Every structure is written in C-alpha cells, then in structure tokens.
Q: 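Structure below; questions to follow.
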Protein chains: 2
Amino acid sequence: MTKSVAVAEAPEARPYHHGDLRRALILAAERVLEREGPQALSLRAVAREAGVSPAAPYHHFKDKSDLLTAIAEAGFDALGDTIKAAVAVDSEAKMSTMGVAYVRFARDNPALYRVMYDVSRNADGMPDKTHDGEGGGFRMVEQAMIRAGVDPGDDLNLKLWCISAWCSAHGIAEMVGFAQFQPMIEELGGEDRFVEELLGRICHAPSMDTH
Amino acid sequence: MTKSVAVAEAPEARPYHHGDLRRALILAAERVLEREGPQALSLRAVAREAGVSPAAPYHHFKDKSDLLTAIAEAGFDALGDTIKAAVAVDSEAKMSTMGVAYVRFARDNPALYRVMYDVSRNADGMPDKTHDGEGGGFRMVEQAMIRAGVDPGDDLNLKLWCISAWCSAHGIAEMVGFAQFQPMIEELGGEDRFVEELLGRICHAPSMDTH
DNA sequence: ATGCTATCTGAACACCGTTCGGATCGAACT
DNA sequence: AGTTCGATCCGAACGGTGTTCAGATAGCAT
C-alpha cells in the first residue's frame, strides 16, 4: 500500500538494509548505557534503540559479549583521547594531571567505565592497543613518570611504576563515589582535590628512583 | 507412592519448612559462585542448590540484589578475617603484608570478590562495619600506617593514606590477573612478589609524613 | 482443637539471549 | 538485460531469568 501523496518521504531515512549497522549498534548501546545504566544494557534493548529486530545484531557480533567487547574498545579509545587532551593543555603534564583526567572520565561515564572493566576482567586484560605502541596509554604514563623523576634506564622499575599508578587510578575511580568518603571530599573542597591528594600519595618524586 | 521397604529415611534430612533458609541460601549462593562463576549466580540457581522453589527466597530477601548484598557482606567479613589472620602471624605487620593478604583473598575468591564490589558500587559504598568501629578495616590499616611512619596526629593525612592504600589494593586485585602483566610476574618470580613490588611503590616510609 | 502467621509451592507474566527458516535486497556475473 | 548469489534482516520460537500471587503447609499461641 503505497502512500497516496506520492513520495513525501518521511524524515527518518530508514534504509532497506540499513547501510552500516554495527557502528549504529555500538552508538545505540552507548546511548542506552548513558540513559538507563548498565543493568538495562540488553541485546534486545540495543536492537530496539537501533530500530532493528532482536536477531539483527547477530550478523555483526558473535555474541552479546562480543558487542560488549566492541563497546569497551570504543570506551578505551575515548579514555585515551581524554587523557591525551588533558596532557596537551599541560605539556609539563604531571602524573596527577593524567590521573585526575582518568578518574574524571570514569566518573563522567560510569556505566561505560563499568562495561570496560567488566569486559577486561572477562578477557583477562585490556584491549592491546590500550597500552601498546607509540600512542598507547603506557607510553604516556611512562613519559610522565620519567618527568616525575623515575630512572628511565631501569626498565623493570619504570614499568612497575606505571602499573602501580594505573592500578591506583583504577581503584580510585571505582571507589571515589563511595558514600563514606563524601564528608572528606567536601572537607577538601571537591572530588578533584580529593583525587589529587590520593594520587599525590602514590606518585611523589623524592623516592621514585629508589629500589 | 511410599517406599515399600518402609522408612529407610534418605540421608538428606529434608525438613518440612527447612528451619533456617536465608543462611542456607547464602551458603548455597557461595557454593554456586565457586563452582560456576558469577554469571551463573541466578536466584533460581541458588534456590535449586538449596532445594527449594524459585519463590521461596522472597520470604527472606526482598530482591535478588538483597541476596547479593548479604553475600557481599559475608564476603567482606571473610576478607576482614583473612587480613586479621595475616596480621596476627606477623605482629609487626607492614602495609605490604596486609596488601598481599588482601589481593590474595581477591585472587582466591574471584567470583565472590566481584560480587562484593558490584554490590558496593550499586550501593555507593561498602557495608559500614567493613570500615567502622574498633575491628573495622580502616582501623587495621591506620595502625599499620602509623607503624610505617605516618604522623598519627594529622587525622586527615592519616585517613587519606588509608584510603589511598585501600584503593590501590583494590585496583591491583582487579588488574593483577591481566594477561599483559604475566611476563613481568614470571620475571619477578610469582604474583605475591609482583604485588609486593606494586604496593611498595605506594606505601614507603620516607615521605609518608610529608603532605 | 482452633485459629494465626510465617513459610513454601506451582503456575503465571514479561523479559532476556540465542537459533532458525524464510523474506529482502545489493552486487556480481552472463 | 536478467539471473544467481550472498549478505542482511525479520518473525517466531526455545529455554532460562526475576518477580508476583493464590493457595497449600506447618509451627505456635490461645
């Protein structure tokens, strides 16, 4: 039954086969995640949000967990970009600058951050590009560590400092919202100050090259 | 259809009303958790494991999340006991002693640890008794911190050190299993050594009283 | 014995992840 | 051009899930 008024063509350009689902599904998933939290992130809800049937995603992702992996990967990319941006504005970027940016990302995208590390724990690790290569996260941390006074010659020591900082940032990101810390956060005048104080106790130059 | 051989009475004493479900459900849940992982921890599976109908738990827990909360609470109790035991054998207990015990608990009970912090993040905090009071976790950390050289007079500073250490331990616990760290763990000769190295970079006396 | 209340069951509802057969369409070949 | 082919999508279905509810059961006080 074709429209009698010919092809007014509805505003929603609803393609026959949709062009490029997959990206659309990932974006839909991020929308659902922001709007309704991680509990509501069902495959069916994502398909609904993207306007396709519940079976459609299976042509682009093996599993639900495969979709989650793609979402997590996109999340780590965004996290990397955020930190890169924070470092860009402060070329002397201290550890705490990066750490605060890290935690802030996690706090601004709590549902996404949760998916990122749920996936990582299931996969026994983060996506490789997160830490590998020239633009990888570890390189950024390494450079900040060297600026902070770690001996760049001692490779094992340097790596351990990086991992230590990364783990701490993750722990802080997951716990900073806990209610029992709220009074202290107020006392310090804001979450960022609180995070700086915590990170400052982990990354402080004086003894960084010892051991 | 009663057994023809009269009442041999099966070994399983299956009570009429069951006496004390709730505890039985929590124990059943921990069993399911160990055996099949966190993904398999459904209310129905727990009820099945306890030998009751899927609706029975609702007389003892408001929700599934209410059950999970109880499980998490039991988990935090067990974690506290584990750390207390570690401190007991080494009365000079350093921070790293406690930290290693903490991480080891998380690694020995991965599914339980995951439930513990999933619940905590949903509730915006850990159970109160985890950190409050004389036997609470924070008191233990405080004492170790004081032994490590933090000025016990500066209350804010002391608390920040405790939180910093706790966050780091949590971050390490969640990330130490990541595949990308495995080579380094081997190089260092075991996970405990690796954890000690990381914790050592966080809790080291020289600059602890500086602010 | 009688009722009261807490406990437990069984069936039902909506939702979930996943699979499968069949409809739809773009593109590639003749 | 017409036809075939393969990727994409839909609708319906399966078993499993959380949750609710009417009714059966059993311990406890009167």
Side-chain angles (χ1 to χ4, degrees), chain A residues 1-2 7 9-10 12-29 31-33 35-72 111 114-115 118-119 122-123, chain B residues 1-2 9 12-29 31-33 35-72 111 114-115 118-119 122-123:
Chain A
M1 219 205 257
T2 62
V7 254
E9 237 6 7
E12 356 109 7
R14 44 172 82 206
Y16 17 73
H17 260 185
H18 187 291
D20 146 21
L21 215 73
R22 183 162 226 278
R23 195 176 318 273
L25 285 170
I26 295 179
L27 294 177
R31 249 174 290 138
V32 172
L33 218 41
R35 187 178 353 113
E36 313 178 50
Q39 332 257 26
L41 189 69
S42 63
L43 240 189
R44 288 178 112 103
V46 173
R48 228 176 292 138
E49 172 81 19
V52 296
S53 89
Y58 284 88
H59 292 268
H60 303 272
F61 301 98
K62 181 172 69 59
D63 259 330
K64 180 188 182 181
S65 95
D66 196 28
L67 207 200
L68 292 179
T69 301
I71 297 168
R114 196 136 158 188
V115 170
D118 280 352
V119 168
N122 285 341
Chain B
M1 221 202 256
T2 63
E9 238 4 10
E12 354 109 7
R14 45 173 82 205
Y16 18 74
H17 258 189
H18 187 291
D20 150 19
L21 214 77
R22 185 165 223 278
R23 195 177 316 274
L25 285 169
I26 296 178
L27 295 177
R31 247 174 292 138
V32 172
L33 217 43
R35 186 176 356 112
E36 313 180 49
Q39 333 257 25
L41 190 67
S42 64
L43 241 190
R44 289 177 110 104
V46 173
R48 230 175 291 137
E49 173 80 19
V52 296
S53 89
Y58 284 88
H59 292 267
H60 302 272
F61 301 98
K62 181 172 70 57
D63 259 331
K64 181 188 180 180
S65 93
D66 196 30
L67 206 201
L68 291 179
T69 301
I71 297 168
R114 198 138 158 185
V115 170
D118 280 352
V119 169
N122 285 341

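Note that this is a predicted model, so its numbers are computed, not measured. Proteins get letters first, then strands, A, B, ... in listed order; numbering begins at 1 in each.
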Q: Could you tell me how far apart B/Arg22 (CZ) and C/dA6 (P) are, to the nearest whole angstrom?
A: 16 Å
Q: Go along nucleotides 13-18 of chain D 5' to 3' and tag each nucleotide: B for a protein heavy atom under 4.0 Å from its base, S when only backbone or sugar atoms are that close, - otherwise.
A: B---BB
Q: To the nearest Å, give me how far apart CG (A/Asp66) and P (C/dT19) are.
A: 12 Å
Q: Measure CG/B/Asp20 against P/D/dA26 and give the value in whole Å, please.
A: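 The answer, rounded to whole Å, is 19 Å.
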Q: So, for B/Ala70 and B/Ile26, which heavy atoms are closest and what is the spacing to 0.1 Å?
A: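 Nearest heavy atoms, B/Ala70 then B/Ile26: CB-CD1, 3.7 Å.
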Q: Give the rounded distance in Å between these two atoms: NE2 of B/His59 and P of D/dT20.
A: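 To the nearest whole Å, that distance equals 11 Å.
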Q: Expressed as a whole number of angstroms, how long is the span from A/Gln39:CD to C/dG17:P?
A: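 In whole Å, C/dG17 P and A/Gln39 CD are 13 Å from each other.
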Q: Base, sugar-phosphate or nothing for A/Ala56? Non-hydrogen atoms, less than 4.0 Å.
A: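 Sugar-phosphate contact only - A/Ala56 comes under 4.0 Å of backbone atoms but never of a base.
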Q: Expressed as a whole number of angstroms, how long is the span from A/Leu68:CG to C/dT18:P?
A: 10 Å
Q: Do the side chains of A/Arg114 and B/Asp118 get nearer than 4.5 Å, heavy atoms only?
A: yes
Q: Can you give me the closest heavy-atom contact between A/Ala45 and A/Ala40, atom names plus distance?
A: CB-O, 3.7 Å
Q: Are A/Tyr58 and A/Leu43 close enough that some pair of their side-chain heavy atoms sits under 4.5 Å apart?
A: yes
Q: In this structure, are over 12 heavy atoms from other groups packed under 6.0 Å from B/Arg23 atom CZ?
A: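 12 or below, so no.
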Q: Looking at side-chain heavy atoms only, is the closest gap between A/Leu68 and A/Asn122 below 4.5 Å?
A: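 A side-chain contact is absent here, since even the closest heavy-atom pair is not under 4.5 Å.
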